[in-house]
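To start, the structure itself, in C-alpha coordinates.
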Amino acid sequence: MAGLTEGQRARYEELGANLDVVERRIADACAAAGRARSEVRLVVVTKTYPAEDTALLAALGVTDVAENRDQDAAPKAELCRELPLDWHFVGQLQTNKVRSVVRYANHVHSVDRLRLVTSLAAAVANAERPPLGCLVQVALDKEAGQGGGRAGASPDEVAELADAIADTPGLRLSGVMTVAPLAGPLAGDPAKAFERLAEIATALRSSHPAATMVSAGMSGDLEQAVAAGATHLRVGTAVLGVRSTLR
(Lines give C-alpha, C1' and ligand atoms only; values in the text may rest on other atoms or scores of the structure.)
Protein backbone atom coordinates (compact mmCIF):
# COMPACT_ATOMS: atom_id res chain seq x y z
CA MET A 1 0.00 0.00 0.00
CA ALA A 2 2.87 2.37 0.77
CA GLY A 3 3.95 2.44 -2.87
CA LEU A 4 0.53 3.22 -4.35
CA THR A 5 -0.35 6.54 -5.89
CA GLU A 6 -3.40 8.39 -4.65
CA GLY A 7 -5.39 7.13 -7.63
CA GLN A 8 -4.26 3.56 -7.11
CA ARG A 9 -5.13 3.72 -3.44
CA ALA A 10 -8.63 4.99 -4.28
CA ARG A 11 -9.10 2.17 -6.79
CA TYR A 12 -7.83 -0.38 -4.26
CA GLU A 13 -10.42 0.82 -1.74
CA GLU A 14 -13.17 0.81 -4.37
CA LEU A 15 -12.38 -2.75 -5.42
CA GLY A 16 -12.18 -3.83 -1.80
CA ALA A 17 -15.60 -2.35 -1.04
CA ASN A 18 -17.10 -4.03 -4.11
CA LEU A 19 -15.55 -7.36 -3.16
CA ASP A 20 -17.05 -7.07 0.32
CA VAL A 21 -20.52 -6.59 -1.18
CA VAL A 22 -20.10 -9.56 -3.53
CA GLU A 23 -18.73 -11.70 -0.71
CA ARG A 24 -21.80 -10.91 1.42
CA ARG A 25 -24.07 -11.83 -1.48
CA ILE A 26 -22.32 -15.15 -1.95
CA ALA A 27 -22.32 -15.92 1.77
CA ASP A 28 -26.03 -15.09 2.04
CA ALA A 29 -26.83 -17.20 -1.01
CA CYS A 30 -24.88 -20.13 0.40
CA ALA A 31 -26.70 -19.82 3.73
CA ALA A 32 -30.07 -19.72 1.98
CA ALA A 33 -29.17 -22.82 -0.03
CA GLY A 34 -27.80 -24.68 2.98
CA ARG A 35 -24.34 -24.80 1.45
CA ALA A 36 -20.95 -24.09 2.98
CA ARG A 37 -19.31 -20.92 1.71
CA SER A 38 -16.21 -22.97 0.96
CA GLU A 39 -18.12 -24.85 -1.75
CA VAL A 40 -18.28 -21.79 -4.01
CA ARG A 41 -15.32 -20.10 -5.66
CA LEU A 42 -15.36 -16.50 -6.89
CA VAL A 43 -13.70 -15.99 -10.27
CA VAL A 44 -13.32 -12.28 -11.03
CA VAL A 45 -13.71 -11.52 -14.74
CA THR A 46 -11.22 -8.75 -15.47
CA LYS A 47 -11.94 -8.27 -19.19
CA THR A 48 -11.45 -4.71 -20.48
CA TYR A 49 -9.71 -3.69 -17.25
CA PRO A 50 -5.94 -3.15 -16.99
CA ALA A 51 -3.32 -5.39 -15.43
CA GLU A 52 -3.04 -2.82 -12.65
CA ASP A 53 -6.55 -3.71 -11.51
CA THR A 54 -5.67 -7.40 -11.60
CA ALA A 55 -2.66 -6.72 -9.38
CA LEU A 56 -4.84 -4.77 -6.94
CA LEU A 57 -7.32 -7.65 -6.83
CA ALA A 58 -4.49 -10.04 -6.01
CA ALA A 59 -3.42 -7.72 -3.19
CA LEU A 60 -7.00 -7.88 -1.89
CA GLY A 61 -6.85 -11.67 -1.74
CA VAL A 62 -8.46 -12.62 -5.06
CA THR A 63 -6.96 -15.88 -6.31
CA ASP A 64 -8.98 -16.62 -9.47
CA VAL A 65 -9.30 -14.28 -12.44
CA ALA A 66 -10.83 -14.77 -15.87
CA GLU A 67 -10.54 -13.31 -19.35
CA ASN A 68 -12.53 -13.88 -22.51
CA ARG A 69 -10.22 -12.52 -25.24
CA ASP A 70 -6.70 -13.84 -25.71
CA GLN A 71 -5.42 -10.60 -27.22
CA ASP A 72 -6.23 -8.88 -23.92
CA ALA A 73 -5.46 -11.79 -21.61
CA ALA A 74 -2.03 -12.82 -22.86
CA PRO A 75 -0.21 -9.52 -22.19
CA LYS A 76 -2.09 -9.06 -18.91
CA ALA A 77 -1.13 -12.52 -17.69
CA GLU A 78 2.48 -11.85 -18.62
CA LEU A 79 2.52 -8.61 -16.64
CA CYS A 80 1.00 -10.43 -13.66
CA ARG A 81 3.04 -13.64 -13.98
CA GLU A 82 4.63 -13.26 -10.54
CA LEU A 83 1.29 -12.95 -8.77
CA PRO A 84 -0.41 -15.97 -7.11
CA LEU A 85 -3.30 -16.09 -9.56
CA ASP A 86 -5.21 -18.96 -11.16
CA TRP A 87 -6.16 -17.91 -14.71
CA HIS A 88 -9.43 -18.99 -16.32
CA PHE A 89 -10.31 -18.50 -19.99
CA VAL A 90 -14.08 -18.09 -20.31
CA GLY A 91 -14.69 -16.71 -23.81
CA GLN A 92 -15.33 -18.34 -27.15
CA LEU A 93 -11.99 -19.82 -28.19
CA GLN A 94 -10.81 -19.96 -31.79
CA THR A 95 -8.31 -22.67 -32.64
CA ASN A 96 -5.73 -20.12 -33.84
CA LYS A 97 -5.58 -18.70 -30.29
CA VAL A 98 -5.15 -22.02 -28.50
CA ARG A 99 -1.33 -22.04 -28.39
CA SER A 100 -1.32 -18.66 -26.71
CA VAL A 101 -4.09 -19.48 -24.23
CA VAL A 102 -2.43 -22.63 -22.91
CA ARG A 103 0.64 -20.60 -21.94
CA TYR A 104 -1.22 -18.89 -19.08
CA ALA A 105 -4.66 -20.44 -18.53
CA ASN A 106 -5.12 -23.29 -16.08
CA HIS A 107 -8.81 -23.68 -16.96
CA VAL A 108 -10.76 -23.26 -20.18
CA HIS A 109 -14.50 -22.97 -19.50
CA SER A 110 -15.57 -22.78 -23.13
CA VAL A 111 -14.83 -26.13 -24.78
CA ASP A 112 -17.72 -26.65 -27.17
CA ARG A 113 -16.53 -28.77 -30.11
CA LEU A 114 -14.33 -31.76 -30.86
CA ARG A 115 -11.94 -29.80 -33.07
CA LEU A 116 -11.12 -27.56 -30.13
CA VAL A 117 -10.35 -30.60 -27.97
CA THR A 118 -7.79 -31.76 -30.54
CA SER A 119 -6.23 -28.31 -30.82
CA LEU A 120 -5.97 -27.86 -27.06
CA ALA A 121 -4.31 -31.25 -26.62
CA ALA A 122 -1.71 -30.49 -29.30
CA ALA A 123 -0.96 -27.10 -27.76
CA VAL A 124 -0.60 -28.56 -24.26
CA ALA A 125 1.81 -31.20 -25.55
CA ASN A 126 3.83 -28.58 -27.40
CA ALA A 127 3.99 -26.37 -24.30
CA GLU A 128 5.10 -29.27 -22.09
CA ARG A 129 2.85 -28.05 -19.32
CA PRO A 130 0.63 -29.79 -16.74
CA PRO A 131 -2.82 -31.02 -17.84
CA LEU A 132 -5.30 -28.29 -18.75
CA GLY A 133 -8.64 -28.19 -16.94
CA CYS A 134 -11.51 -28.16 -19.46
CA LEU A 135 -15.19 -27.48 -18.97
CA VAL A 136 -17.85 -28.26 -21.55
CA GLN A 137 -19.74 -25.09 -22.39
CA VAL A 138 -23.43 -25.92 -22.57
CA ALA A 139 -25.76 -23.80 -24.72
CA LEU A 140 -29.11 -24.39 -23.08
CA ASP A 141 -31.01 -22.61 -25.85
CA LYS A 142 -29.84 -25.26 -28.32
CA GLU A 143 -31.90 -27.83 -26.45
CA ALA A 144 -34.95 -26.08 -27.83
CA GLY A 145 -33.54 -26.02 -31.35
CA GLN A 146 -32.57 -22.37 -31.10
CA GLY A 147 -29.25 -20.65 -30.48
CA GLY A 148 -28.08 -20.73 -34.08
CA GLY A 149 -24.34 -20.28 -34.32
CA ARG A 150 -23.85 -19.20 -30.72
CA ALA A 151 -21.03 -20.73 -28.72
CA GLY A 152 -21.69 -23.83 -26.70
CA ALA A 153 -22.60 -27.46 -27.21
CA SER A 154 -26.19 -28.59 -27.05
CA PRO A 155 -27.14 -30.66 -24.00
CA ASP A 156 -27.30 -33.73 -26.25
CA GLU A 157 -23.66 -33.22 -27.26
CA VAL A 158 -22.25 -32.92 -23.74
CA ALA A 159 -21.60 -36.62 -23.10
CA GLU A 160 -19.67 -37.18 -26.32
CA LEU A 161 -17.60 -34.04 -25.86
CA ALA A 162 -16.89 -34.85 -22.21
CA ASP A 163 -15.76 -38.37 -23.12
CA ALA A 164 -13.41 -36.93 -25.74
CA ILE A 165 -11.84 -34.55 -23.23
CA ALA A 166 -11.47 -37.26 -20.61
CA ASP A 167 -9.83 -39.62 -23.12
CA THR A 168 -7.36 -37.04 -24.45
CA PRO A 169 -3.85 -36.87 -22.95
CA GLY A 170 -2.95 -33.44 -21.60
CA LEU A 171 -6.54 -32.48 -20.86
CA ARG A 172 -8.55 -32.90 -17.65
CA LEU A 173 -12.35 -32.95 -17.70
CA SER A 174 -13.33 -30.53 -14.94
CA GLY A 175 -17.08 -30.06 -15.42
CA VAL A 176 -19.59 -27.87 -17.23
CA MET A 177 -20.26 -24.19 -17.81
CA THR A 178 -23.19 -22.16 -19.06
CA VAL A 179 -24.45 -18.63 -19.49
CA ALA A 180 -28.13 -17.96 -18.78
CA PRO A 181 -29.72 -18.23 -22.27
CA LEU A 182 -31.18 -15.32 -24.19
CA ALA A 183 -33.50 -17.51 -26.28
CA GLY A 184 -35.64 -20.59 -25.82
CA PRO A 185 -37.96 -21.59 -22.96
CA LEU A 186 -35.33 -20.84 -20.29
CA ALA A 187 -34.64 -17.30 -21.47
CA GLY A 188 -35.15 -14.74 -18.72
CA ASP A 189 -35.29 -17.45 -16.05
CA PRO A 190 -31.75 -18.03 -14.77
CA ALA A 191 -32.98 -20.11 -11.84
CA LYS A 192 -34.50 -22.72 -14.15
CA ALA A 193 -31.56 -22.49 -16.53
CA PHE A 194 -29.07 -23.22 -13.76
CA GLU A 195 -31.27 -26.03 -12.46
CA ARG A 196 -31.12 -27.58 -15.92
CA LEU A 197 -27.33 -27.23 -15.91
CA ALA A 198 -27.26 -28.95 -12.51
CA GLU A 199 -29.14 -31.90 -14.02
CA ILE A 200 -26.58 -32.09 -16.84
CA ALA A 201 -23.72 -31.85 -14.34
CA THR A 202 -25.17 -34.66 -12.24
CA ALA A 203 -25.54 -36.89 -15.28
CA LEU A 204 -21.95 -36.14 -16.28
CA ARG A 205 -20.61 -37.08 -12.85
CA SER A 206 -22.25 -40.49 -13.10
CA SER A 207 -19.64 -41.41 -15.72
CA HIS A 208 -16.93 -38.89 -14.77
CA PRO A 209 -17.00 -38.51 -10.96
CA ALA A 210 -14.07 -36.08 -10.89
CA ALA A 211 -15.85 -33.56 -13.15
CA THR A 212 -17.20 -31.55 -10.22
CA MET A 213 -16.90 -27.95 -11.48
CA VAL A 214 -20.16 -26.19 -12.31
CA SER A 215 -19.39 -22.73 -13.70
CA ALA A 216 -22.52 -20.59 -13.73
CA GLY A 217 -23.75 -17.24 -12.54
CA MET A 218 -22.53 -13.71 -13.08
CA SER A 219 -23.06 -10.36 -11.39
CA GLY A 220 -26.82 -10.30 -11.92
CA ASP A 221 -27.73 -13.91 -11.20
CA LEU A 222 -25.12 -15.33 -8.84
CA GLU A 223 -27.74 -16.09 -6.16
CA GLN A 224 -29.71 -18.33 -8.51
CA ALA A 225 -26.49 -20.08 -9.55
CA VAL A 226 -25.52 -20.80 -5.94
CA ALA A 227 -29.01 -22.14 -5.24
CA ALA A 228 -28.65 -24.54 -8.18
CA GLY A 229 -25.27 -25.84 -7.05
CA ALA A 230 -22.71 -23.75 -8.94
CA THR A 231 -19.16 -24.20 -7.70
CA HIS A 232 -17.62 -21.30 -9.63
CA LEU A 233 -19.16 -17.85 -10.13
CA ARG A 234 -17.85 -15.62 -12.93
CA VAL A 235 -18.34 -12.09 -11.59
CA GLY A 236 -17.06 -8.98 -13.32
CA THR A 237 -19.19 -5.84 -13.19
CA ALA A 238 -20.15 -6.21 -9.51
CA VAL A 239 -16.46 -6.13 -8.58
CA LEU A 240 -14.83 -3.90 -11.21
CA GLY A 241 -17.71 -1.60 -12.09
CA VAL A 242 -19.65 -0.96 -15.28
CA ARG A 243 -17.37 -1.45 -18.25
CA SER A 244 -16.57 1.43 -20.58
CA THR A 245 -15.97 1.00 -24.30
CA LEU A 246 -13.08 3.40 -23.88
CA ARG A 247 -11.10 1.00 -21.69
Side-chain angles (χ1 to χ4, degrees), residues 22 25-26 28-35 39-43 45 47 66 68-69 88-94 107-117 133-166 173-209 211-238 242-243:
V22 170
R25 289 177 62 190
I26 297 172
D28 289 347
C30 287
R35 303 179 62 191
E39 295 178 14
V40 181
R41 201 165 189 91
L42 171 63
V43 181
V45 182
K47 66 180 183 181
N68 73 334
R69 287 160 48 96
H88 301 246
F89 189 85
V90 299
Q92 187 169 13
L93 181 54
Q94 302 301 324
H107 316 272
V108 173
H109 291 228
S110 48
V111 180
D112 61 355
R113 58 199 187 280
L114 292 172
R115 183 184 175 199
L116 184 55
V117 173
C134 295
L135 287 80
V136 177
Q137 180 175 352
V138 185
L140 294 172
D141 50 1
K142 290 183 178 179
E143 190 165 47
Q146 302 185 46
R150 291 185 62 202
S154 72
D156 289 343
E157 296 170 327
V158 170
E160 179 185 9
L161 195 52
D163 287 345
I165 294 169
L173 177 64
S174 298
V176 292
M177 181 272 261
T178 201
V179 178
L182 299 176
L186 299 178
D189 194 342
K192 287 188 177 179
F194 298 147
E195 287 170 4
R196 177 64 181 120
L197 182 69
E199 294 173 356
I200 294 169
T202 298
L204 179 62
R205 288 194 297 273
S206 68
S207 52
H208 299 283
T212 57
M213 284 179 64
V214 180
S215 173
M218 297 187 290
S219 293
D221 52 25
L222 68 84
E223 285 86 0
Q224 293 94 326
V226 170
T231 64
H232 289 68
L233 306 172
R234 309 181 308 274
V235 178
T237 301
V242 177
R243 293 183 172 86

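The first residue in the sequence is number 1, and the count goes up from there. All values below come from the heavy atoms of this structure, side chains included, with hydrogens, waters and symmetry mates left out.
With sequence neighbours left out, E160 forms a side chain to side chain donor-acceptor pair (under 3.5 Å) with no residue at all. Listed by chain and residue number, L140, P181, L186 satisfy the side chain to side chain contact (heavy atoms under 4.5 Å, CB included) test with A193 (two or more places apart in sequence, or in another chain). Residues satisfying the side chain to side chain contact (heavy atoms under 4.5 Å, CB included) criterion with A198, sequence neighbours excluded, are absent altogether. Not counting sequence neighbours, the partners of Q224 by the side chain to side chain contact (heavy atoms under 4.5 Å, CB included) test are P190, A191, F194, D221. Contacts of E195 classified as salt bridge (Lys or Arg N to Asp or Glu O under 4.0 Å), with partners at least two apart in sequence or in another chain: none.
In this structure, H208 NE2 and L173 CG are separated by 5.5 Å, a value rounded to the nearest 0.5 Å. Interatomic distance, M177 CE to C134 SG, rounded to the nearest 0.5 Å: 12.0 Å.
The aromatic rings of H88 and H232 lie tilted to each other, with the angle between the two planes from 30° to 60°.
Remark: the backbone N or O of V214 is paired with a side-chain donor or acceptor of T231 at under 3.5 angstrom. Side-chain N or O atoms of K142 include one that pairs as donor or acceptor with a backbone N or O of G152 at under 3.5 Å.
By the 4.5 Å heavy-atom criterion applied to side chains, E223 and D28 are not counted as neighbours.
Within the structure, no pair that satisfies the salt bridge (charged side-chain N to carboxylate O under 4.0 Å, His left out) test touches residues 176-194, not counting sequence neighbours.
Here the closest non-hydrogen pair linking S110 and L116 is O-CD2, 3.7 Å. Listed here is the closest heavy atom pair of V226 and R35: O-NH1, 2.8 Å.
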